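Sharing a structure with you now.
On a predicted model such as this, the values are computed, not experimentally measured, just so you know.
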Amino acid sequence: MAPGSYSRTFHGRIEFHASEGTFILFYPEPRSDLPIGRVRFSICHELGHFYIPEHRDLIVSGRVHNSVEPFRPVKNRIENEADLFASSLLIPSEALAEFIGSRKFLSLDAIFHLSDAAQASIQASAYRYVATTDEPCVAVLSKDGRIVRTRSSLHADALGFGGLGNQHVPEKSQALKCLGASPRDVLGGAAHTAEWFSERRYGAKLWEESASLGRGYVLSLLSWEDSGR
């Protein structure tokens with residue numbers, strides 16, 4: 001492990017040093033603009049690269065992170081797998097089920113509380129919830145209005161809404177309004193699949209909750225209105 005004061009754009013990296021036959025995990029120490037939850041997520045993400053055999057083979061061969069950039073579909077899949085590993089490690093199924101309790105679903109505000117309770121990043125908490133819930137929903141991370149990453153629930157996948165297909169958040173979305181809001185202030189409002197998703201076989205009413213995470217990042221939770229809310 002190699003904690004340190006790295007650049008503000010660096011979140012973590014794992015390398016294999018053949019001369020010593022060892023792996024080294026580099027990660028930044030917590031600071032005012034990098035909370036402990038985000039650091040823990042970065043560490044667990046890099047551990048995912050170590051424990052998932054295909055990822056570890058890439059590290060040993062020296063083809064990790066930026067080295068697979070030309071093969072974007074492969075890079076995206078690998079990073080997604082490491083994200084899922086990290087969120088599962090930080091928030092075990094039993095702990096998540098106990099937190100949800102009789103509510104059956106979580107609002108975005110509740111996901112913030114889950115993040116605090118688990119000392120996990122907000123993104124990890126949202127991804128973990130979406131990966132385990134029975135309701136159709138999609139978590140969207142955007143930066144300055146441009147979509148960075150999405151996670152869809154199995155129910156949303158089954159309905160044919162496994163990916164947005166769009167590169168930017170809708171013009172009238174709560175997500176865009178959050179760019180001028182204080183971090184963690186949740187804005188909610190009615191939405192529609194036609195606004196958020198590229199062309200699909202059918203449309204459905206949504207409820208959008210969005211909140212700023214700071215530095216232009218916004219987390220949105222899209223839920224189907226007929227999903228029992």
> Got Phe26 and Ile14 here, is their nearest side-chain heavy-atom distance under 4.5 Å?
Replying inline: no
> With respect to His49, which candidate in Glu54, Arg56, Arg13, His55 satisfies the side-chain contact (heavy atoms from CB on, under 4.5 Å) definition?
Replying inline: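 Result for side-chain contact (heavy atoms from CB on, under 4.5 Å) with His49: His55.
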>> I'd like to know whether Arg128 forms a side-chain hydrogen bond (donor to acceptor under 3.5 Å, both in side chains) with Ser93, so could you lay out the CA-CA distance, the side-chain angles of the two residues, the decisive distance to 0.1 Å, and finally the verdict.
In response: CA-CA 9 Å; Arg128 185 61 172 146; Ser93 299; 2.9 Å; yes
>> Measuring only between side-chain heavy atoms, which start at C-beta, is Tyr127 closer than 4.5 Å to Ile91?
In response: no
>> Measuring from atom CD of Glu79 to atom NE2 of His45, what distance do you get when rounded to the nearest 0.5 angstrom?
In response: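 Rounded to the nearest 0.5 Å, the CD-NE2 separation comes to 4.0 Å.
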>> Looking at Val218, is its backbone amide N or carbonyl O close enough to the side chain of Ser212 to form a donor-acceptor pair, meaning the two atoms are under 3.5 Å apart?
In response: no
> Are Tyr202 and Phe161 close enough that their ring centers fall under 6.0 Å?
Replying inline: yes
> Under a 4.5 Å side-chain heavy-atom rule over Ile, Leu, Val, Met, Phe, Trp and Tyr, are Tyr6 and Ile24 clustered together?
Replying inline: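 They do share one cluster, since a chain of ILVMFWY contacts under 4.5 Å joins Tyr6 to Ile24.
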> Donor-acceptor pair, Ser42 side chain versus His11 backbone, under 3.5 Å?
Replying inline: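 Indeed, once roles are kept as given, a pair shorter than 3.5 Å links the two residues.
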> Is a donor on one side and an acceptor on the other found under 3.5 Å between the side chain of Ser87 and the backbone of Leu84?
Replying inline: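 Checking the backbone N and O of Leu84 against the side chain of Ser87, a donor-acceptor pair under 3.5 Å is found.
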>> As a quick check of understanding, evaluate side-chain contact (heavy atoms from CB on, under 4.5 Å) for Val130 and Leu221, giving each step before the final call.
In response: CA-CA 9 Å; Val130 169; Leu221 183 65; 4.3 Å; yes
> When clusters are formed by joining ILVMFWY residues with side-chain heavy atoms under 4.5 Å apart, either directly or through shared neighbours, do Phe85 and Val60 land in the same one?
Replying inline: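 Linked within one cluster.
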>> Strictly distance-based, threshold 3.5 Å: is any side-chain N or O of Glu209 a donor or acceptor partner for the main-chain N or O of Leu108?
In response: yes
> What are the two closest non-hydrogen atoms of Phe197 and Leu206, and how far apart are they?
Replying inline: CE1-CD1, 4.2 Å
> Heavy atoms, side chains only, cut-off 4.5 Å: are Leu96 and Leu114 in contact?
Replying inline: yes
> Does the side chain of Phe105 come within less than 4.5 Å of Tyr129's, by heavy atoms?
Replying inline: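 Yes, side chains in contact.
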> What pair of heavy atoms forms the shortest contact from Gly188 to Trp207, and how long is it?
Replying inline: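 Scanning both residues completely, I find the closest heavy atoms to be C-CZ2, 3.8 Å.
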>> Taking the side chain as everything from C-beta on, heavy atoms only, tell me whether Tyr217 gets closer than 4.5 Å to Ile122.
In response: no
> What distance separates Arg151 CZ from Leu141 CG, expressed to the nearest 0.5 Å?
Replying inline: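 Here the interatomic distance stands at 9.5 Å.
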>> Please find the pair of heavy atoms, one from Asp157 and one from Ser152, that lie closest to each other, and give the distance.
In response: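 Taking every non-hydrogen atom into account, OD1-OG, 2.6 Å.
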>> Between Ser153 (side chain only) and Glu135 (backbone N and O only), is there a donor and an acceptor less than 3.5 Å apart?
In response: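 Indeed, once roles are kept as given, a pair shorter than 3.5 Å links the two residues.
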> Ala124 and Phe41: which non-hydrogen atoms are nearest, and at how many Å?
Replying inline: CB-CD1, 3.2 Å
>> Any heavy-atom pair between the side chains of Ser220 and Val169 that's under 4.5 Å?
In response: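 No, too far: nothing below the 4.5 Å cut-off.
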> Going hydrophobic residue to hydrophobic residue with side-chain gaps under 4.5 angstrom, can you get from Ile43 over to Phe16?
Replying inline: yes
> When you look at CG of Asp134, are more than 12 heavy atoms from neighbouring residues, nucleotides or ligands closer to it than 6.0 Å?
Replying inline: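 At most 12 heavy atoms, drawn from other residues, nucleotides or ligands, come within 6.0 Å of this atom.
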>> What's the separation between atom CD in Glu195 and atom OG1 in Thr193, rounded to the nearest 0.5 Å?
In response: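 Glu195 CD to Thr193 OG1: 8.5 Å, rounded to 0.5 Å.
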>> So, taking the atom named CD1 in Ile78 and the one named CD1 in Ile52, what distance separates them when rounded to the nearest 0.5 Å?
In response: 9.0 Å
> Do Leu187 and Trp196 share a hydrophobic cluster, counting only Ile, Leu, Val, Met, Phe, Trp and Tyr and linking them when any side-chain heavy atoms are less than 4.5 Å apart?
Replying inline: no
>> With heavy-atom distances below 4.5 Å as the criterion, would you say the side chains of Asp33 and Arg31 are in contact?
In response: yes
> Side-chain heavy atoms under 4.5 angstrom apart, residues restricted to Ile, Leu, Val, Met, Phe, Trp, Tyr: same cluster for Val39 and Phe10?
Replying inline: no
> What pair of heavy atoms forms the shortest contact from Pro28 to Gly12, and how long is it?
Replying inline: CD-N, 4.3 Å
> Are any side-chain N or O atoms of His168 and backbone N or O atoms of Gly145, one a donor and one an acceptor, separated by less than 3.5 Å?
Replying inline: no
>> Applying side-chain contact (heavy atoms from CB on, under 4.5 Å) to Leu25 and Phe50, what does each step give before you reach the verdict?
In response: CA-CA 9 Å; Leu25 196 164; Phe50 175 80; over 6 Å; no
>> To the nearest 0.5 Å, what is the distance between CE on Met1 and CD on Glu46?
In response: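 Going from the CE atom of Met1 to the CD atom of Glu46 covers 10.0 Å.
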> With sequence neighbours left out, which residue pairs that include part of residues 136-149 fulfil the salt bridge (charged side-chain N to carboxylate O under 4.0 Å, His left out) condition?
Replying inline: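 Sorted result for residues 136-149: Asp83-Arg149.
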> Judged by atom type as modelled, is there a donor-acceptor pair below 3.5 Å linking the side chain of Arg40 to the main-chain atoms of Gln119?
Replying inline: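 Indeed, once roles are kept as given, a pair shorter than 3.5 Å links the two residues.
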> Any side-chain heavy-atom pair from Val138 and Trp224 closer than 4.5 angstrom?
Replying inline: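 Yes - at least one pair of side-chain heavy atoms lies under 4.5 Å apart.
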>> What's the separation between atom CG in Leu222 and atom OG in Ser173, rounded to the nearest 0.5 Å?
In response: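 The distance works out to 9.0 Å.
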> Nearest heavy-atom pair of Leu159 and Pro136: which atoms, and what distance?
Replying inline: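 The pair with the smallest heavy-atom distance is CD1-CB, 3.9 Å.
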